[in-house]
Protein chains: 2
Amino acid sequence: MDTENVIAATPLFQGLEKRYQKDLARIVIKQTYRRGEMIFAEGDQSKGFYIIATGRVKVFKISPEGKEQILHIFGQGEPFGEVPVFTGQPFPAYAEALAETSTLFFPRDDFIGLVRTEPSLALNMLSVLSMRLKRFTALIEDLSLKEVPGRLAAYLLYLSDRSNGANELDLEISKGQLASILGTIPETLSRILTKMTKEGLISSDGKRHIRIKDRMAIEQLANGEKRLT
Amino acid sequence: MDTENVIAATPLFQGLEKRYQKDLARIVIKQTYRRGEMIFAEGDQSKGFYIIATGRVKVFKISPEGKEQILHIFGQGEPFGEVPVFTGQPFPAYAEALAETSTLFFPRDDFIGLVRTEPSLALNMLSVLSMRLKRFTALIEDLSLKEVPGRLAAYLLYLSDRSNGANELDLEISKGQLASILGTIPETLSRILTKMTKEGLISSDGKRHIRIKDRMAIEQLANGEKRLT
DNA sequence: CGTCGACTTGAGTTAACTCAAATCATGTGG
DNA sequence: CCACATGATTTGAGTTAACTCAAGTCGACG
């Protein structure tokens, strides 16, 4: 897919006049990253933000002991690394490609100039940041107020919603990455998946496929109305 | 302080032309809340957002068992409740006045109209949301990657920074509220304060005043390079 | 078929929780 | 100004979810 088509297909740029989209296409810089490659590090100075043309990127924090907390995994058409564009401060987290990934890089000054002249772009960006705040709010709630089984249950329901209510889920990521999203470690996640299977809430092929067998119980788990025994 | 002066003194409206500030003053609705009064609840439909003229407001999540996680405490001149303005969804958290509080309420549609015509307002709002994202990122990191003593240490350093590096700190809030900010419970916080005092990192009057006695050690705690024994 | 990384399972430890009780602080009415 | 009521904080004792460390087991791929 060429640059202009990527831009046209990106939600952030919906409602933006064609000529501005063309302007954007002219200022972006294409970049590609290999699986595992670092895109930016916490503390790095920022010169702009990214949109994913193809591939996947994880944005995460890491502790001195090496435990990792994934903030979000971004896929096609999603912007990431915007925060420093508007705060003027360094990146507050790390970003790494989870697969071969190509991005469009938008230099900060050009982009801000365009925001000044295009209110719909500003409103789209406000919407993107607001959605992200909402997600983070949910993550904080999970980490602080739910136990790991509840977080996993909420995550399964989230995946199900994304594929409009399906009971057959594809995790799309490794169990290790999932543990890092849920704020736990692979051993704990593994034990909980085993328990949920034994209690008949889910079944699994042991790989990345999971079937929701008792949605009611999973919802109760996610809402803290129930616990695994 | 009258409405126009509050608006003129609010960072969000810096750089906004006088005439737009006057427009704003005309569309806002003044509201006051007593200590403990709920301003909005999670799930409520939003019609706009708030700026604090005087007083303090906590925004928080709560679990079915009643444990509370404070997302942020807002003070004079700070806007809150903006997320639903740009997502169109209900409030993702609760807001409650911590003291007698007066707010200016900005109706959504009027405000969005103004954002469309005033790029500097849009950029200011983008900056506010980005700062908030950064704070939430730090909170997620604390909850997921630090133990409670580390979170407390980070919070003390945050307070110290805010009063440009002072060693004499005023908590400004009750220990119970502080526990809720740190994602723990009052008993645990109390034990940790006792330990930190015994190890000579801080001294306290038992109330809301704390003195940093060993900043180096507190920084190490906050960075996970050290633990309480 | 062997190797490597991902995942699972087992055993032991621990930070933080719950529940209960004691103590302290503050404000009110007498 | 004192005595008590109420709420906040601290302390004690016991429990537990989730962690660490270690040892398998599984699966994909060369």
Side-chain angles (χ1 to χ4, degrees), chain A residues 35-36 58 62-70 98-99 142-153 171-199 202-210 221 224 226-229, chain B residues 35-36 58 62-70 98-99 142-153 171-199 202-210 221 224 226-229:
Chain A
R35 176 188 159 85
K58 73 171 170 185
I62 196 158
S63 75
E65 301 83 46
K67 188 182 171 194
E68 172 186 296
Q69 172 67 50
I70 293 179
L98 285 178
D142 285 355
L143 290 172
S144 178
L145 304 178
K146 288 181 184 155
E147 299 178 348
V148 180
R151 294 178 213 163
L152 173 58
L171 290 184
E172 295 172 357
I173 50 175
S174 74
K175 302 255 171 85
Q177 298 288 299
L178 177 53
S180 171
I181 288 176
L182 300 179
T184 188
I185 56 176
E187 292 97 317
T188 298
L189 175 59
S190 177
R191 289 183 234 271
I192 290 168
L193 281 169
T194 302
K195 266 194 194 173
M196 286 179 68
T197 303
K198 281 198 181 128
E199 297 190 19
I202 59 170
S203 64
S204 166
D205 68 347
K207 290 182 294 189
R208 291 180 182 185
H209 179 269
I210 286 183
L221 208 48
K226 184 180 190 296
R227 355 183 69 222
L228 294 178
T229 53
Chain B
R35 175 188 158 84
K58 73 172 171 185
I62 197 158
S63 74
E65 302 82 46
K67 188 181 170 194
E68 172 187 298
Q69 172 67 51
I70 293 179
L98 285 178
D142 285 354
L143 290 172
S144 179
L145 305 177
K146 287 181 184 155
E147 300 178 348
V148 180
R151 293 178 214 164
L152 173 58
L171 290 184
E172 296 172 358
I173 50 174
S174 75
K175 302 255 172 84
Q177 297 289 299
L178 177 53
S180 171
I181 288 176
L182 300 179
T184 187
I185 56 176
E187 293 96 317
T188 298
L189 174 60
S190 176
R191 289 183 233 269
I192 289 168
L193 281 169
T194 302
K195 265 194 194 173
M196 287 179 67
T197 302
K198 283 200 180 125
E199 296 189 19
I202 59 170
S203 64
S204 167
D205 68 348
K207 290 182 293 190
R208 290 178 184 187
H209 179 270
I210 286 182
L221 252 190
K226 183 181 191 295
R227 356 183 69 221
L228 295 178
T229 52

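Just so we're on the same page: letters track the sequence lines, and every chain starts at 1.
Going from atom CG of Asp205(B) over to atom P of dT10(D) covers 10 Å, rounded to whole Å. As rounded to whole Å, 13 Å separates atom P of dT26(C) from atom CZ of Arg35(B). Computed from coordinates, the Leu152(B) CG to dT9(D) P distance equals 14 Å when rounded to whole Å. One atom, CZ of Arg208(A), and another, P of dG5(C), lie 16 Å apart when rounded to the nearest Å. Counting to the nearest Å, the C1' atom of dA8(D) and the CD1 atom of Ile173(B) are 14 Å from each other. Straight-line distance from the CD atom of Gln177(B) to the C1' atom of dG7(D): 13 Å, rounded to whole Å.
Annotation: side chain of Arg151(B) is in contact with side chain of Val148(B) (closest heavy-atom distance under 4.5 Å).
The minimum heavy-atom distance between Leu182(B) and Leu143(B), with the atom names listed, is O-CD2, 4.0 Å.
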Item to check | Base-contact (B) and sugar-phosphate-only (S) positions in nucleotides 14-30 of chain D, heavy-atom cut-off under 4.0 Å, - elsewhere | outcome: ---SSSBB------S--
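With rounding to the nearest 0.5 Å, the separation of CG in Leu152(B) from NZ in Lys195(B) is 12.5 Å. Once rounded to the nearest 0.5 Å, the distance linking CD of Glu199(B) with CG of Leu221(B) reads 8.0 Å.
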Item to check | CA sep, side-chain torsions, deciding dist, call: Ser180(B), Lys67(B), side-chain contact (heavy atoms from CB on, under 4.5 Å) | outcome: CA-CA 8 Å; Ser180(B) 171; Lys67(B) 188 181 170 194; over 6 Å; no
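By the side-chain hydrogen bond (donor to acceptor under 3.5 Å, both in side chains) test, Gln69(A) is found to be paired with Ser144(B), residues two or more places apart in sequence or in another chain being considered.
Considering only side-chain N and O atoms, Thr194(B) lies under 4.0 angstrom from the phosphate OP1 or OP2 of dT11(D).
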